[in-house]
Trainee: 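What follows is a structure written as structure tokens; I'll ask about it next.
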Amino acid sequence: MNKRALITGGSGFIGTQLAAALNQNGWQITILSRNPQAARNRQQSDYLYAASFNELNEAEPFDLIINLAGASVGEGRWTPKRKQELLSSRINTTTALADWLHQRSWKPKLVISGSAVGYYGNSDGGKADAANERSAPQERFVSELCQQWEAAATPIAEHSNIPLAIVRLGVVFGTNGGILPQILMPIKFNLVGKIGSGKQPLVWVHMADVIGVMLWLAEHPQPGKHVYNLVAPELSSQAEFVAAAAKSLHRSPFLSLPAAVMRMMMGEQADLVLGGRFVSSKALQEAGYTFQFPNLESALKNLLPL
């Protein structure tokens, strides 16, 4: 019998590719989506689809549940309304998942729940000050968003005694979507390179390693709650990314974009580009995962055309 996986947010950039990888590895996939028909039209017909947890068959337990539901923080200006959408899209689904699991007569072998490195807020400490999983969060919107998201998932382990892995994702580099094409565009056109000081972190991970870690975690479930930074081992600044991308694309962008202009254009949301903190993936490596793309050179060589 095939192993069964449920993915919330399974029709998004990460979820789509993760579902395909699991399916290729023999998993039967169920996608939870607000619009199951639209998700079905975009993805494989042999997946199962549902609009809510209540539509799922009690008699068919899941071995693995991956919770990725949440509106994109990079889309739409952070008005009070948009901030509430970002919060509710994560917390409501995660809370509903925790409540639903608490009522089941069966337990999955593992729940993986998403979060982001925005949990750590901003720091001027440089690479020597890289955050680990025990580093404190901050009183900033993205940090508070991640804190509430993770808090909503915690009862899965604490109340239902189900193994829970929380993955704090960096910016995911991949094909067929994501942010990489957007940040490469000004470099391809030989225009803007450095943004602000250029010293700010660009905390990233290759899609292949996102999928690889998820599969690895599914094979190595640990009792209780565990948090992992799902980021590449190499610590990269924004300027270092531009240099590596420009070299790969044979470009020499000559303009810089001042931080003040970014603040004027994006408001508080400019923190996504101008702020942040370097983040360590040492916990995953020490646990036994080997990254396929540990540095920018190998990642960009894989993702960019020759």
Side-chain angles (χ1 to χ4, degrees), residues 1-72 85 87-115 148-167 169 210-226:
M1 181 181 296
N2 287 350
K3 296 172 288 185
R4 302 185 71 242
L6 170 66
I7 307 176
T8 73
S11 56
F13 171 54
I14 298 174
T16 298
Q17 298 185 54
L18 177 59
L22 284 165
N23 188 243
Q24 289 169 10
N25 279 270
W27 290 77
Q28 180 183 338
I29 304 299
T30 298
I31 303 293
L32 192 78
S33 172
R34 287 174 296 177
N35 191 334
Q37 186 57 52
R40 183 180 288 108
N41 292 340
R42 289 194 300 269
Q43 293 174 269
Q44 293 181 211
S45 59
D46 59 342
Y47 296 172
L48 302 176
Y49 295 86
S52 71
F53 294 108
N54 292 331
E55 293 182 12
L56 301 173
N57 189 342
E58 164 71 21
E60 296 182 350
F62 293 98
D63 301 282
L64 173 67
I65 297 175
I66 302 176
N67 176 40
L68 299 174
S72 172
E85 290 173 350
L87 284 164
S88 61
S89 64
R90 287 161 173 78
I91 295 164
N92 292 354
T93 300
T94 305
T95 299
L97 171 61
D99 291 344
W100 179 75
L101 283 172
H102 194 59
Q103 299 170 26
R104 298 308 96 191
S105 58
W106 50 266
K107 294 179 181 179
K109 296 177 181 177
L110 178 68
V111 173
I112 301 173
S113 194
S115 185
Q148 293 185 50
W149 193 6
E150 294 183 18
T154 298
I156 293 170
E158 293 186 351
H159 298 168
S160 301
N161 199 30
I162 296 169
L164 172 66
I166 290 177
V167 289
L169 286 154
V210 174
I211 293 169
V213 166
M214 299 288 192
L215 292 171
W216 183 84
L217 288 171
E219 294 170 358
H220 301 86
Q222 300 293 319
K225 171 186 169 183
H226 298 270

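Starting from 1, each residue takes its place in the sequence as its number.
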Trainee: Does Gln17 form a side-chain contact (heavy atoms from CB on, under 4.5 Å) with Val210? I'd like the steps, not just the answer.
Mentor: CA-CA 10 Å; Gln17 298 185 54; Val210 174; over 6 Å; no
Trainee: State the OG1-OH distance between Thr30 and Tyr47, to the nearest 0.5 angstrom.
Mentor: 11.0 Å
Trainee: Of all residues at least two apart in sequence or in a different chain, which pass the side chain to side chain contact (heavy atoms under 4.5 Å, CB included) check with Ala50?
Mentor: Leu32, Glu55, Leu56
Trainee: Side chains of Ser115 and Glu150: does their closest heavy-atom pair fall under 4.5 Å?
Mentor: yes
Trainee: Just how far is it from atom CG of Leu110 to atom CD1 of Ile156, taken to the nearest 0.5 Å?
Mentor: 10.0 Å
Trainee: For a 4.5 angstrom cut-off between non-hydrogen side-chain atoms, does Val213 reach Ile112?
Mentor: no
Trainee: Any side-chain to backbone donor/acceptor pair from Asn23 onto Ala19? Under 3.5 Å, distance only.
Mentor: no
Trainee: In Å, rounded to the nearest 0.5 Å, how long is the span from CD of Gln103 to CZ of Phe53?
Mentor: 11.5 Å
Trainee: Hey, does Gln28 have a side-chain heavy atom less than 4.5 Å from the side chain of Lys3?
Mentor: no
Trainee: Backbone N or O of Ile162 within a donor-acceptor pair of the Ser160 side chain at under 3.5 Å?
Mentor: no
Trainee: Supply the atom-to-atom distance Tyr49 OH to Asn35 CG, rounded to the nearest 0.5 angstrom.
Mentor: 11.5 Å
Trainee: How would you list, by chain and number, every residue that makes a side chain to side chain donor-acceptor pair (under 3.5 Å) with His159, sequence neighbours excluded?
Mentor: none
Trainee: Taking salt bridge (charged side-chain N to carboxylate O under 4.0 Å, His left out) as the test, write out the residues that go with Glu85, two or more places apart.
Mentor: Arg82
Trainee: Can you name the closest pair of heavy atoms from Trp149 and Gly114 and give their distance?
Mentor: CE2-O, 3.2 Å
Trainee: Take His226 and Leu164, measure what side-chain contact (heavy atoms from CB on, under 4.5 Å) needs, and give me the verdict at the end.
Mentor: CA-CA 6 Å; His226 298 270; Leu164 172 66; over 6 Å; no
Trainee: Does some side-chain heavy atom of Met214 sit less than 4.5 Å from a side-chain heavy atom of Leu22?
Mentor: no
Trainee: Only counting residues at least two apart or in another chain, list the ones meeting side chain to side chain contact (heavy atoms under 4.5 Å, CB included) with Ser72.
Mentor: Glu75
Trainee: Closest approach of Leu217 and Ala165, non-hydrogen atoms and distance?
Mentor: CD1-CB, 4.2 Å
Trainee: Show which side-chain atoms of residues 63-71 pair as donor or acceptor with protein atoms under 3.5 Å away, not counting sequence neighbours.
Mentor:
unit_1: Asp63; atom_1: OD2; unit_2: Arg4; atom_2: N; d: 2.8
unit_1: Asn67; atom_1: OD1; unit_2: Thr8; atom_2: OG1; d: 2.6
unit_1: Asn67; atom_1: ND2; unit_2: Thr94; atom_2: OG1; d: 2.9
unit_1: Asn67; atom_1: ND2; unit_2: Ser113; atom_2: OG; d: 3.0

Trainee: Within a 6.0 Å radius of atom CG on Asn161, are there more than 12 heavy atoms belonging to other residues, nucleotides or ligands?
Mentor: no
Trainee: Nearest 0.5 Å, what's the CD1-CG distance between Ile14 and Leu18?
Mentor: 8.5 Å
Trainee: Do Leu101 and Val111 touch side chain to side chain, with heavy atoms closer than 4.5 Å?
Mentor: yes
Trainee: Closer than 3.5 angstrom, by distance alone: can the side chain of Trp216 be matched with the main-chain N or O of Ile211 as a donor-acceptor pair?
Mentor: no
Trainee: Before you tell me yes or no, could you show the steps for Asp99 and Leu97 under side-chain contact (heavy atoms from CB on, under 4.5 Å), namely the whole-Å CA-CA distance, both residues' side-chain angles and the distance that decides it to 0.1 Å?
Mentor: CA-CA 5 Å; Asp99 291 344; Leu97 171 61; over 6 Å; no
Trainee: Spell out, as yes or no, whether a donor-acceptor pair under 3.5 Å connects the side chain of His102 to the backbone of Ala98.
Mentor: no
Trainee: What pairs with Arg34 under side chain to side chain donor-acceptor pair (under 3.5 Å), at least two apart in sequence or on another chain?
Mentor: none
